[in-house]
Participant: 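First, the structure itself, so that you have it in front of you.
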Amino acid sequence: MVRVSASLLAADFICIADDVARMEQAGVDSLHVDFMDGHYVPNLALSPYHVETLASRTELPLEVHLEIANPDQLLDSFKRFPADMIILQWDTCPQPLTSLERVGDWGTRVGIGLLPLTPIEPVVPYLDKLDMLLLLGVQPGFGGQEIIPGTIEWVAGVGDVRQQYAPDLAIGVDGGVKASNAGELVQAGADVLIMGSGLFNVPDIDGLVRSLKRIRR
């Protein structure tokens, strides 16, 4: 079944607890929390302390995406916070296995994020270490962007590689995901749809989530 993750980058930060409650009511499966440092991407968003506060307000899993330049130097600051998954950007990890094992040793699920259209071949040796491979459909940093052309074909190619090396690995797509392309993404191989403006800005969130979960590959 398709899983839907609500990207809090699109939430109203003044009323974020209300938006989280709306997502729970709509039946999303998790909350996607972007950390941005102003270096790796030209934007700032959230912190470990937001995760701690959110965890006290929701039973939904919190999946933390580290869009930061130096994750290895900061990983220990995330160890004590209640994230259910830590997603590292592939291009920020000079020693991927070391970084993945550090997170895994905490008992936290771990993922790797790939910039748009990144070749999958260098990541193959690490696929069996991951709980999710996150494919970015836009350049990271800002919500509301249109999905980059070629993303659906990229997802399909990654899906073929996944089937060969790590068939139980979840593939998530983050960026530009909307009702209009969700079906194609799932058919291509996506298991998790991370949605920001394409979810928060629709009039019937509950109905959209129900329809997304009915998509079959």
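Quantities reported herein were computed from a predicted structural model and do not represent experimental measurements. When a residue number appears, it is its place in the shown sequence, counting from 1. Side-chain atoms are counted along with the backbone in the values below, which use heavy atoms only and exclude waters and symmetry mates.
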Participant: How about Leu133 and Leu127: do any of their side-chain heavy atoms sit closer than 4.5 Å?
Facilitator: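 A side-chain contact exists here, since the closest heavy-atom pair is under 4.5 Å.
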
Participant: Let me see the working for Gln89 and Leu115 under side chain to side chain contact (heavy atoms under 4.5 Å, CB included), right down to the final yes or no.
Facilitator: CA-CA 8 Å; Gln89 278 298 114; Leu115 292 174; 3.8 Å; yes

Participant: If I compare all heavy atoms of Pro94 with all of Asp72, which pair ends up nearest, and what's the gap?
Facilitator: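 For Pro94 and Asp72, the tightest heavy-atom pair comes out as CD-OD2, 3.8 Å.
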
Participant: With a 4.5 Å heavy-atom cut-off, do His65 and His32 have their side chains touching?
Facilitator: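 Sidechains of His32 and His65: in contact.
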
Participant: So does Arg57 have more than 12 non-hydrogen atoms from other groups sitting under 6.0 Å from CZ?
Facilitator: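 Not more than 12 within 6.0 Å, no.
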
Participant: With rounding to the nearest 0.5 angstrom, report the CG to CG distance, Asp191 to Asp29.
Facilitator: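 The CG atom of Asp29 is 11.5 Å from CG of Asp191, to the nearest 0.5 Å.
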
Participant: So that I know where these two stand, are Trp90 and Tyr126 an aromatic pair - ring centroids less than 6.0 Å apart?
Facilitator: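 Yes, ring centres under 6.0 Å apart.
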
Participant: Looking only at heavy atoms, which two atoms of Val186 and Arg217 are closest? And how far apart?
Facilitator: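 The answer is O-NE, 2.8 Å.
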
Participant: Should Ile86 and Phe35 count as side-chain neighbours, where that means a heavy-atom distance under 4.5 Å?
Facilitator: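 No, their side chains stay 4.5 Å or more apart.
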
Participant: Checking the side chain of Asp131 only, and the main-chain atoms of Gly111 only, is there a donor and an acceptor separated by less than 3.5 Å?
Facilitator: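 No, because the side chain of Asp131 does not come within donor-acceptor range (under 3.5 Å) of the backbone of Gly111.
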
Participant: Taking all heavy atoms of Val192 and all of Ala170, pick out the closest pair and write down the distance.
Facilitator: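 Closest pair (atom of Val192, atom of Ala170, distance): CG2-CB, 4.5 Å.
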
Participant: Quick one: closest heavy-atom pair of Ile147 and Gly175, and the distance?
Facilitator: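 Closest heavy-atom pair between Ile147 and Gly175: CG1-O, 3.8 Å.
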
Participant: Quick check for you: to the nearest 0.5 Å, what is the distance between Leu208 atom CG and Asn201 atom CG?
Facilitator: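 Separation between the atoms: 11.0 Å.
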
Participant: Taking the side chain as every heavy atom from C-beta outward, state whether Asp84 and Arg109 have any pair of such atoms under 4.5 Å apart.
Facilitator: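 Touching, per the 4.5 Å side-chain cut-off.
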
Participant: Of the non-hydrogen atoms in Cys93 and Leu88, which two are nearest, and what is the gap between them?
Facilitator: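 Closest heavy-atom pair between Cys93 and Leu88: SG-CB, 3.8 Å.
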
Participant: Are any of the side-chain heavy atoms of Val28 and Arg22 separated by less than 4.5 Å?
Facilitator: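 Contact flag for Val28/Arg22 side chains = no.
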
Participant: Do other residues, nucleotides or ligands put more than 12 heavy atoms under 6.0 Å from Tyr165 OH?
Facilitator: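 Incorrect, the count does not exceed 12.
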
Participant: What's the spacing between Ile68 CD1 and His39 NE2 if we round to 0.5 Å?
Facilitator: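 Result: 10.5 Å between the selected atoms.
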
Participant: Are Asn70 and Tyr40 close enough, and set up right, to give a side chain to side chain donor-acceptor pair (under 3.5 Å), and what steps lead you there?
Facilitator: CA-CA 8 Å; Asn70 56 341; Tyr40 179 69; over 6 Å; no

Participant: For Arg102, is there an ion pair with Asp105 - N to carboxylate O distance below 4.0 angstrom?
Facilitator: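 Answer for the salt bridge query: no.
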
